[in-house]
Protein chains: 2
Amino acid sequence: MPVQTPLPKVSSYAETGLVPRRAKGSDRRMRQQKPRTRIQRQNRETILEAALEVFSQHGFRGATLDMIAAQAGLSKPNLLYYFASKEAIHVSLLSQLMDTWLDPLRALDAQGDPVAELRAYMRRKLELSRDFSRESRLFANEIVQGAPHMQAALATDLKTLVDEKSTVIRGWAAAGRIADVDPHHLIFSIWALTQHYADFDVQIRAVLGEGRDPMAEAERFLDTLFTRLLAP
Amino acid sequence: MPVQTPLPKVSSYAETGLVPRRAKGSDRRMRQQKPRTRIQRQNRETILEAALEVFSQHGFRGATLDMIAAQAGLSKPNLLYYFASKEAIHVSLLSQLMDTWLDPLRALDAQGDPVAELRAYMRRKLELSRDFSRESRLFANEIVQGAPHMQAALATDLKTLVDEKSTVIRGWAAAGRIADVDPHHLIFSIWALTQHYADFDVQIRAVLGEGRDPMAEAERFLDTLFTRLLAP
DNA sequence: CGTTCGGTTGACCATTTGGTCAAAAACAAT
DNA sequence: ATTGTTTTTGACCAAATGGTCAACCGAACG
């Protein structure tokens, strides 16, 4: 049994120890990209919502189909009628998430005011951390453990978008409209600082103690931080 | 079966689903705080090192005793001769880690030059991320999932130390020796920015592409960032 | 040399868990 | 109502996994 999991291409069974198996029954039907009936769309929705709750709290391995089924109010075999496997639910959740997650960066406008654009990006990311902390933790869990299901997406979609926006930012720096900082690391710093408030929520609350509002304080602090960092 | 795990005091079996059970055989002996023989000290060491490797890569639930045993080059029953349970290994690792992790902050000297002290703290944390990335990921895994084994330590040891250093920093700000920023969030930002490079390593490498040195670049970037943030 | 005791392990066990399946409901179409 | 299709589930299964235990090994000590 390999202890050092080799980095997989797209989807790894190494993590779960499962051997890929042709699913037979429902699989054929579920392969249809678009769920047909209303009940299908609705149940898939319910399952994904439940799975998000459970996966984000326990990680992939820590979550069980029974937990997800209970949370969704469905029977376990019923889950597997809508998704081919536990892994399929996880992957579905992750790929769906990726889009939402990148939207704020896509919105960064090369024509806008540089400092305002970057601060707005930071604020949008912070809002995501506040309003979609489960999604953030799901993502964090995945990446911390080596992104066994997302490697590909990171190196393609994500990299492409980041590189593109980095060019814009580099342009702004070259024009002297913001300070001369490395665009990639500037973006990393926005990710790190905003996601930290979602992913390390327990720690932050433990340290701050009762009666404080981490997110509200974070917004003020980060606003100051980026204003000072970016000033030309 | 509860899907929503209630937050436990110190050590929770809820996560594993196991019911506490009196260990009989080795437990009595292993309760002795200090390992007696050299071989005991050495094997415990070996096991913890192996467990660190495995836990940091797969999380608590994702790791198995077989993986750890294989990595350590010991048999599974032998692991359980030295530690009462899988959980005991995990807890041992975490409490050991806590100290190392806080050292850099402890070293923050109220008598030193404010900006230099804070930048040095940041740099020490970044070095930890570089040289002890497994420890960082172990910690991240634990916190992201709600810190089931560390709640207490966070709210006591950690909070105490952070509050203490926050007072120092607030003093510096009040004296106009650094910019007037919230001390707690300043510390959070150092944690977030440095640990991000360890915990999200895969993502960072995927985005930067080949032939770059994330840590070296991070050091320059973060130095700029904190210099600009802290300038009075 | 034999006993003792720390250390080690093969075989085993109970539970958990992802997944299957045949049959039953529920629902639609005729 | 009758027939066909989709949805649901109780009962199972095989593999994985944390943990146990009785027996075994090896070296120190009398």
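Since the structure is predicted, the reported quantities are computational estimates derived from the model, not experimental observations. Reminder, nothing fancy here: chain letters follow the sequence lines and each chain counts from 1. Side-chain atoms are counted along with the backbone in the values below, which use heavy atoms only and exclude waters and symmetry mates.
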Practice task
Take the protein atom CZ of B/Phe55 and the nucleotide atom P of D/dG18, then report the distance between them rounded to whole Å.
Solution key: 9 Å
Practice task
Would you mind reporting whether A/Asp199 and A/Val144 have side-chain heavy atoms less than 4.5 Å apart?
Solution key: no
Practice task
May I ask you to check whether over 12 heavy atoms, not counting those of A/Glu127, lie within 6.0 Å of atom CD?
Solution key: yes
Problem - Face-on cation placement of A/Arg130 at A/Tyr197 ring, 6.0 Å and 45° thresholds - result: no
Problem - A/Asn43 side chain near D/dT6 phosphate (N/O to OP1/OP2, under 4.0 Å) - result: no
Exercise for the section: Evaluate side-chain hydrogen bond (donor to acceptor under 3.5 Å, both in side chains) for A/His149 paired with A/Glu87, printing each intermediate quantity in order. Expected result: CA-CA 9 Å; A/His149 294 122; A/Glu87 209 189 10; 2.9 Å; yes
When you compare the protein's N or O atoms with those of nucleotides 9-11 of chain C, which come within less than 3.5 Å of each other, and at what distance?
from, atom 1, to, atom 2, distance (Å)
C/dT9, OP2, B/Ser75, OG, 3.2
C/dT9, OP2, B/Asn78, ND2, 3.4

Practice task
Using only side-chain N and O atoms of B/Gln40, determine if any of them is under 4.0 Å from OP1 or OP2 of C/dG7.
Solution key: yes
Problem - Atom pair distance, as rounded to whole Å: CZ in A/Arg61 and C1' in C/dT17 - result: 10 Å
Practice task
Answer yes when B/Arg106 and B/Asp99 have at least one side-chain N-carboxylate O distance shorter than 4.0 Å, and no when they do not.
Solution key: yes
Handout entry: Side-chain N or O of A/Arg38 closer than 4.0 Å to phosphate OP1/OP2 of D/dT7
Key = no
Handout entry: Atom-pair distance (CG on A/Leu80; P on D/dT9), nearest Å
Key = 13 Å
Exercise for the section: Verify the distance criterion only: is there a donor paired with an acceptor across the side chains of A/Glu217 and B/His184 at less than 3.5 Å? Expected result: no
Problem - Rounded distance (Å) that lies between atom C1' of D/dA15 and atom CG of B/Asp66 - result: 12 Å
Problem - Separation of D/dT8 C1' from A/Gln42 CD (nearest whole Å) - result: 15 Å
Practice task
Classify the nucleic acid contact of A/Ala63 as base, sugar-phosphate or nothing, counting any heavy atom under 4.0 Å across all strands shown.
Solution key: sugar-phosphate
Practice task
Check the distance between D/dT9's C1' and A/Leu65's CG and give it to me in whole angstrom.
Solution key: 15 Å
Fill in the blank from the handout: Rounded to whole Å, CD1 of B/Ile39 lies from C1' of D/dG26 at a distance of 10 Å
Handout entry: Under 3.5 Å: donor-acceptor pair, side chain of A/Arg44, backbone of A/Tyr82
Key = yes
Problem - Nearest-Å distance for atom pair CZ/C1', residues B/Arg41 and C/dG7 - result: 16 Å
